[in-house]
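Notes follow the structure.
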Amino acid sequence: MRFDVFMDNAQLDAVSAVLGAIAASASVGAGEAVKDMTKGAITGTRDRLVALVRGRLKKDPVGDAKLTVYAAEPTPANGQALKGHLVEAGVGDDQDILALARNLLTAAGPAALAPGSVAATIIKQVNKDGGTGFIGGQHVHHHGARAVANVDWDLFRLEGDGYELRNTGTTTARDVTITANVDLAWPTPPDQEMPPGSSVLFSCAPSLADPSPVLTVICTAAGAPGRQRWQRPLPR
């Protein structure tokens, strides 16, 4: 699917439709004409959609937290952070969620998926490297530049002292070691192999005497020579 023209919501896979519908419904009413439904009704439909998706994430507290963040602030970065959780939860195979998301996009009006709109930008961003989606009962390919196999990381601040480190790359990270210049606490020990989309949770509560916390991840990846080093300060 091309993303530089008006999108047809009937051709969106469920994950893209959910991300787009939540974003589109959040912006409805700001000077736009709303067809068939009042803004209040659209908000109600959006709440039902979020509730259905939350039901899929009931065994994934991190994904549930990211859904709450995305619903409150639908941005490309928050959508990208949530996307992997939706895929893992089987949202792509849920026809009730897909139908409700498409209905919500239709109610939001044609401008909701216009080039440059918030929803279109988010959908384009989360599909920028290409990938498969569930459309009309068949798995199809979102055409994009072929992604080079790589390991990349993203670091998220959770509630309290909690953090999540996620492999946002396209290949498995192997021989993973995670260290910091301050003490970290692990609910479960991190695996030495982390496939794409997998994550590990930890907590960090530095004292005033500690330096600014910095996380270091060292790993190997298929097709890449030697060991890769990734380092980031913990988000505050």
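All residue numbers in this chain count up from 1 along the given sequence.
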Next on the checklist: Go through it in stages, so that I can follow the logic: the residues are L98 and D96, the test is side-chain contact (heavy atoms from CB on, under 4.5 Å), and I'd like the CA-CA distance, side-chain angles, deciding distance and then a yes or no.
Outcome noted: CA-CA 5 Å; L98 175 59; D96 290 335; over 6 Å; no
Rounded to the nearest 0.5 Å, what's the gap from [atom1] on [X] to [atom2] on [Y]? Could you check?
X    : Y    : atom1 : atom2 : result
L82  : I22  : CG    : CD1   : 7.0 Å
L105 : T45  : CG    : OG1   : 11.5 Å
Q80  : L19  : CD    : CG    : 9.0 Å
Q228 : W153 : CD    : CH2   : 9.5 Å
S16  : I122 : OG    : CD1   : 11.0 Å
L67  : R56  : CG    : CZ    : 13.5 Å

Next on the checklist: Per the side-chain hydrogen bond (donor to acceptor under 3.5 Å, both in side chains) rule, what does the pair list look like for residues 183-196, sequence neighbours excluded?
Outcome noted: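 Qualifying pairs, neighbours excluded: R174-E193.
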Output yes when a side-chain donor or acceptor of [X] lies under 3.5 Å from a complementary backbone atom of [Y], and no otherwise.
X    : Y    : value
Y163 : C204 : no
N78  : E73  : yes
R46  : A23  : no
D93  : G90  : no
R227 : D175 : yes
R157 : G160 : yes
T170 : N150 : yes

With a 4.5 Å cut-off on side-chain heavy atoms, are [Y] and [X] touching?
X    : Y    : answer
T172 : P196 : yes
V182 : P211 : yes
V214 : Q231 : yes
D152 : W230 : yes

Return the minimal non-hydrogen interatomic distance between [X] and [Y], and the atom names on each side.
X    : Y    : value
C219 : V176 : CB-CG2, 3.9 Å
L201 : P187 : O-CD, 3.2 Å
A221 : V151 : CB-CG2, 3.4 Å
V15  : G92  : CG2-N, 4.2 Å
Y70  : G20  : OH-N, 4.5 Å
A21  : A101 : CB-O, 3.6 Å

Next on the checklist: Checking side-chain polar atoms at under 3.5 Å, does T168 have a donor or acceptor matched by the opposite partner on D154?
Outcome noted: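 Short answer, no.
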Next on the checklist: Side chains of H85 and R166: any donor to acceptor distance under 3.5 Å?
Outcome noted: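 Result is yes, a qualifying pair exists.
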Item to check | D64/K58 salt bridge by N-O under 4.0 Å criterion | outcome: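 Salt bridge: no.
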Does [X] share a hydrophobic cluster with [Y], counting links as ILVMFWY side-chain heavy atoms below 4.5 Å and allowing steps through other members?
X    : Y    : result
L155 : V69  : no
I178 : L158 : no
L52  : V18  : yes
V50  : L57  : yes
L234 : V200 : yes

Next on the checklist: Tell me every residue that passes side chain to side chain donor-acceptor pair (under 3.5 Å) with D47, counting only those two or more places apart in sequence or in another chain.
Outcome noted: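 By the side chain to side chain donor-acceptor pair (under 3.5 Å) rule, D47 matches no residue at all.
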Item to check | Worked verdict on N167 versus S198 for side-chain hydrogen bond (donor to acceptor under 3.5 Å, both in side chains) | outcome: CA-CA 6 Å; N167 178 0; S198 65; 5.2 Å; no
Item to check | side-chain hydrogen bond (donor to acceptor under 3.5 Å, both in side chains) evaluation trace for R232 with T216 | outcome: CA-CA 7 Å; R232 290 290 188 280; T216 301; over 6 Å; no
Checklist entry - Which is it for E164 and F202 under the side-chain contact (heavy atoms from CB on, under 4.5 Å) test, yes or no, and what are the steps along the way? => result CA-CA 6 Å; E164 178 195 11; F202 64 93; over 6 Å; no
